[in-house]
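See below for the structure under consideration.
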Amino acid sequence: MNNIYRFLDLAKVNEPYLDQLVEAAGRVVRSGRYIGGYEVDNFEHSLSQMLGVPYVIGVSNGLDALRLTLRAWIELGRLSKGDEVVVPGNTYIASILAISDAGLKPVLVDPDPVTMNLSAAGLETAISPRVRAVMPVHLYGRVAWSEELREIIVRHSLLVIEDSAQAIGAKALCDGLYSSRMAGGLGDAGCLSFYPTKNIGALGDAGAVATHDKKLAETVRALANYGADYRYHNIYKGFNCRMDPMQAALLSVKLPHTLEENADRFARAVTYNRNIHNPGVITPLQSAGIVDHVWHQYVIRVTGGKRDRFREQLLERGVETDIHYATPPHLQPCYQEEFFADSNNSQFGPLPVTERLASEIVSLPIATGTTVADAAEISEIINLIKL
């Protein structure tokens, strides 16, 4: 067995593309075009083709993709300040920050404890006259979508903003609101992140908004460029949230390898699922194939309050792990007043599943640099730990 099983080594992740990345970076430098231009246009087109949506806008990061989309709906009159957006309580805080930043109210609901995603039942319990939108988060790479969820969305005429930060290349196993079944193209807007740790990551920050809605696309693009629809003509009080052409060029090298990367992660996930037999460990629900889950993270659960000792024992045996995420958004200091000041606040109710998951989850190595053989060896180590 190896001595060290790194959780994530970004140098190894990018090593297979090194020559192409260097060439792409040189191409940008030589072009003299350092804002916008061909590289961004080319990446947007490639991503549009992959997702099966007509409009893609490259932006600065995943959080800004969410912020710009919600702000655009406000500018278009589809949302108003104070409207409520349903979102799973166990998401990364960026999902919640985007809602708050737009002057909207996040309505947190417990996820399904098995999939760890927003469920139809969870959405149904949160519906109120103030709820105007829902943010399904495809957490860890598993698509949060079902016919039951779609039926509730249609019945209540909700806007759908997908947080697809972790799910590039994943597909739903049922029909969506549009013909596309790819995550990011299921609802009214899909927001992606290309943070370096993602399945397809930039060498810095980058994100994108995908949509079937031409007017939304135009509004997002204007808002991202100081609110300008053309040079020196500002129709909105916008931001500077454009995708950098250097990141666009680097991402264009890696984007064609999305399916390959996801297939490799799937193979490691299958290995874990087949080989982990420790009775104190709950493995994630296996996906139906290289379709509905792209395994951005492989997240197990360790019950009985033994999670931290379990991680210590793994580290003693050379296995690095992480937690995604140890403290849910409603327990973060910045949201204490908002969520706890009023016990009758409709935005916040008990979130026992969210809090239990936060105390149990452990992410195992699954990215490039971890081989199938490594996953088998890590599984063996896990099976030897007494819980």
Side-chain angles (χ1 to χ4, degrees), residues 33-37 40-41 43-44 47-48 53-87 91-107 130-135 158-165 184 187-195 202 204-248 329 332 334-335 337-338 347:
R33 183 67 184 268
Y34 307 132
I35 299 292
V40 176
D41 293 344
F43 176 73
E44 290 178 344
L47 184 58
S48 170
V53 297
Y55 307 106
V56 166
I57 306 93
V59 298
S60 43
N61 55 65
L63 172 57
D64 284 341
L66 295 167
R67 291 172 63 229
L68 290 163
T69 300
L70 293 170
R71 172 68 180 275
W73 278 334
I74 290 174
E75 295 289 354
L76 293 170
R78 298 173 190 173
L79 289 177
S80 301
K81 296 292 181 69
D83 284 345
E84 296 181 346
V85 182
V86 178
V87 61
T91 185
Y92 184 55
I93 197 170
S95 308
I96 315 298
L97 291 172
I99 298 169
S100 298
D101 180 74
L104 305 166
K105 294 184 177 181
V107 179
R130 293 296 296 169
V131 170
R132 298 288 307 282
V134 59
M135 185 185 290
L158 302 179
L159 289 168
V160 179
I161 174 172
E162 296 173 73
D163 186 334
S164 297
D188 300 280
C191 299
L192 291 85
S193 168
F194 299 103
Y195 187 74
D205 254 327
V209 176
T211 183
H212 299 263
D213 184 338
K214 181 180 181 181
K215 188 62 179 176
L216 176 64
E218 291 172 346
T219 307
V220 166
R221 191 176 295 282
L223 285 169
N225 187 34
Y226 298 97
D229 54 348
Y230 58 88
R231 194 179 186 197
Y232 300 142
H233 188 258
N234 304 78
I235 56 176
Y236 306 116
K237 297 175 182 176
F239 311 96
N240 178 9
C241 297
R242 300 166 299 202
M243 176 177 277
D244 188 286
M246 181 67 75
Q247 298 304 333
Q332 295 288 355
C334 61
Y335 279 111
E337 182 177 352
E338 180 170 347
Q347 294 171 251

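These numbers come from the heavy atoms of this one structure, side chains and all, not from hydrogens, waters or symmetry mates.
To the nearest 0.5 Å, atoms SG (Cys241) and OH (Tyr226) are separated by 9.5 Å. Rounding to the nearest 0.5 Å places CG of Leu66 at 6.0 Å from OG of Ser95. In this structure, CG on Asn225 lies 7.5 Å from CG on Asn240, to the nearest 0.5 angstrom. Residue Arg78 holds its CZ atom at 4.5 Å from CG of Leu76, rounded to the nearest 0.5 Å. In this structure, the separation between CD1 on Ile161 and CG on Leu70 is 4.0 Å, given to the nearest 0.5 Å. Once rounded to the nearest 0.5 Å, the distance linking CD1 of Ile74 with NZ of Lys81 reads 5.5 Å.
Residues Leu216 and Ala189 approach most closely at CD2-CB, 3.8 Å, considering heavy atoms. The two residues Asp244 and Tyr34 make their nearest non-hydrogen contact at OD2-O, 4.3 Å. The shortest heavy-atom contact between Thr211 and Ala217 is CG2-CB, 3.8 Å. The two atoms that bring Leu158 and Val131 nearest to each other are CD2-O, 3.6 Å, heavy atoms only. The two residues Ala206 and Met243 have their closest heavy-atom pair at CB-CE, 3.9 Å.
Remark: side-chain polar atoms of Tyr92 are not paired, donor with acceptor, to backbone N or O of Ala165 under 3.5 angstrom. A donor-acceptor contact shorter than 3.5 Å is absent between the side chain of Asp64 and the backbone of Asn61. Proximity of a side-chain donor or acceptor of Asp83 to a complementary backbone N or O of Leu104 within less than 3.5 Å is not detected. Although no hydrogens or angles enter the test, the distance criterion places a donor-acceptor pair under 3.5 Å between the side chain of Arg221 and the main chain of Val56. Proximity of a side-chain donor or acceptor of Arg132 to a complementary backbone N or O of Leu159 within less than 3.5 Å is not detected. The backbone N or O of Gly187 sits less than 3.5 Å from a side-chain atom of Glu162, completing a donor-acceptor pair. Side chain of Ser60 to backbone of Arg242: no donor-acceptor contact under 3.5 angstrom is found. Side chain of Thr69 to backbone of Ala65: a donor-acceptor contact under 3.5 angstrom is found. Listed for the Asp163 side chain is no donor-acceptor partner under 3.5 Å among the backbone atoms of Met135.
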Quick one: do Tyr195 and Leu63 satisfy side-chain contact (heavy atoms from CB on, under 4.5 Å)? Show the steps, please. CA-CA 10 Å; Tyr195 187 74; Leu63 172 57; over 6 Å; no

Walk me through whether Thr219 and Tyr236 qualify under side-chain contact (heavy atoms from CB on, under 4.5 Å). CA-CA 9 Å; Thr219 307; Tyr236 306 116; 3.7 Å; yes

Step by step, would you call Asp188 with Asp213 a side-chain contact (heavy atoms from CB on, under 4.5 Å)? CA-CA 7 Å; Asp188 300 280; Asp213 184 338; over 6 Å; no

Please report the C-alpha distance between Arg71 and Lys237 in whole Å, then the side-chain angles of each, then the deciding distance to 0.1 Å, and finally whether the side-chain contact (heavy atoms from CB on, under 4.5 Å) criterion is met. CA-CA 10 Å; Arg71 172 68 180 275; Lys237 297 175 182 176; 3.8 Å; yes

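Looking at heavy atoms from C-beta onward, Val220 lies out of side-chain contact with Tyr55 at the 4.5 angstrom threshold. Using a 4.5 Å heavy-atom cutoff, the side chains of Pro245 and Val40 are in contact. Residues Pro54 and Lys214 fail the side-chain proximity criterion, which asks for heavy atoms closer than 4.5 Å. The side-chain heavy atoms of Val87 and Pro329, taken from C-beta on, include no pair separated by under 4.5 Å.
Taking the six-membered ring wherever Trp is involved, the centroid distance between the rings of Phe43 and Phe194 falls below 6.0 Å.
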